[in-house]
Amino acid sequence: MSHEARLLALLQQHSWELPPPAEPKGTYRPVVQTGQLLFTAGHLPIGSDGRVAGGRAGEDIDAQAAHGVARQVGLAILSTVRAHLGSLDRVARVVKVFGVINCTADFTQQPAVLNGCSELFAAVFGPEAGVGVRSAIGAPSLPLGAAVEIEAVFELADC
Amino acid sequence: MSHEARLLALLQQHSWELPPPAEPKGTYRPVVQTGQLLFTAGHLPIGSDGRVAGGRAGEDIDAQAAHGVARQVGLAILSTVRAHLGSLDRVARVVKVFGVINCTADFTQQPAVLNGCSELFAAVFGPEAGVGVRSAIGAPSLPLGAAVEIEAVFELADC
Amino acid sequence: MSHEARLLALLQQHSWELPPPAEPKGTYRPVVQTGQLLFTAGHLPIGSDGRVAGGRAGEDIDAQAAHGVARQVGLAILSTVRAHLGSLDRVARVVKVFGVINCTADFTQQPAVLNGCSELFAAVFGPEAGVGVRSAIGAPSLPLGAAVEIEAVFELADC
């Protein structure tokens, strides 16, 4: 199955919605291609209605809820990349995922939260190409009060 | 107009000073070139007198003041890149800006702060080449108590 | 001396142990190669016994102790890269080190802490190839309560 076919099957199976491609909240682009690499901006969990999934892990939301937010951010990244490339089939592999979790000082489950995005990428691009390096860290606050912010780097197949 | 000419016009128009190129505060370099990419170290707002613009957004300084600090960091990055390359005209485009704002837990205007740097880069390199991807996050503290730390990735024109 | 020879001499001289290569704590890889670049995941200070060196700088541990933890993370990165490449002699240079220090809001010595990793890399790869760009930031919390998390980018010699 192609990346596109896997994405569409996942959306249907889980009744997930692909949010609209990211719109900049400042002077930046959602994605930039340089050589064979595609860098994405830090994406936030913004729904089709423009509302941001906010909250602080360990206080307002637990790791399981934050995991769902990280998947939502992953879907936003895929939507942005798809809009830029025309098709996710042009992605050769996930190189890197960098995730920042809005959390309390005693919250230590950042990796479990970020798995929400990583598991999505693995399902769409496959267990080899869909799994890259990753860092997960905590932050005291994020733009617009978002619970999770994630940026990614992809390698392209055809450049 | 060239990037160099735009920078000089901006400096004169706003009476901004280009700080000296960054000097490492540890075992690192201010800039490394690999292939067509130029990575910069995280830059701090250090003036010609060596003083650091410190403070925590949401507590000591507001978003507007922090925006000015982010521009100061942007000028420091330009100074470093210019010293390394000899001329900013060798920059093909801004690929990425990553900005960390020293802030309280209820401060959520990191993008507005980081615009201070991004708007500078857009003015110098132009609205297409000067605008890259970007992430803005919060941190409870930064080196030397700095209010803002920013690193950037540029693509070079002639390598 | 080769990078491998320098590493082995350092381990013997200081009685340092090279920890086992990193095992993912989620859906990610410890290292991904793309073009001539090698990206590593964020590494944590996990000993051979699986225990994590935790604590918050400025509260549980001081800058000197955190410096030792950063060196431990640097050894973990070298172990991962060496396992992937077969030999550290395939590394052309350190491009970038990004370090996050688990710290209090008044701790500002992140660069001094991260030097623990940077000095190790400089000793192994030499003062030119072993010193890259770097950012050091603070975070309110890190995965598993770790005191330090570091990711790195290397340029390869033979690809």
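FYI, side chains are in, hydrogens and waters are out, and symmetry mates aren't considered; it's all heavy atoms of this structure. Just so it is clear, the model here is predicted, and its values are computed rather than measured. Here is how names work: the chains are called A, B, and so on, in the same order as the sequence lines, proteins then strands, and each is numbered from 1.
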Work out which heavy atom in C:V131 is nearest to a heavy atom in B:Y28; give both atom names and the distance.
CG1-CA, 3.3 Å

Option in B:L142, B:V31, B:T40 with maximal non-hydrogen atom pairs under 4.5 Å from chain C:
B:L142

Can you say whether C:A139 sits under 4.5 Å from chain B via the side chain, the backbone, both, or neither, judging by heavy atoms?
backbone

Mind checking the CD1-CD1 spacing from C:I137 to B:I101? Nearest 0.5 Å is all I need.
10.5 Å

What's the spacing between C:E128 CD and B:R29 CZ if we round to 0.5 Å?
4.5 Å

Heavy-atom distance under 4.5 Å to chain B: side chain of C:F121, backbone, both or neither?
neither

Are there more than 12 heavy atoms of other residues, nucleotides or ligands under 6.0 Å from atom CD of B:E59?
yes

Do you know the tightest heavy-atom contact between C:A136 and B:E149?
O-OE1, 2.8 Å

Heavy-atom proximity to chain C below 4.5 Å, by part of B:P143
both

In this structure, are over 12 heavy atoms from other groups packed under 6.0 Å from C:E4 atom CD?
yes

What pair of heavy atoms forms the shortest contact from B:P140 to C:C103, and how long is it?
CG-O, 4.4 Å

Might you point out which heavy atoms bring B:T27 and C:S118 nearest each other, and give the distance in Å?
O-CB, 3.4 Å

Atom OG1 of B:T34 and atom CZ of C:R93: how far apart are they, to the nearest 0.5 Å?
8.0 Å

I'd like to verify something: which residue of B:S141, B:G145, B:G42 has the highest number of heavy-atom pairs under 4.5 Å with chain C?
B:S141

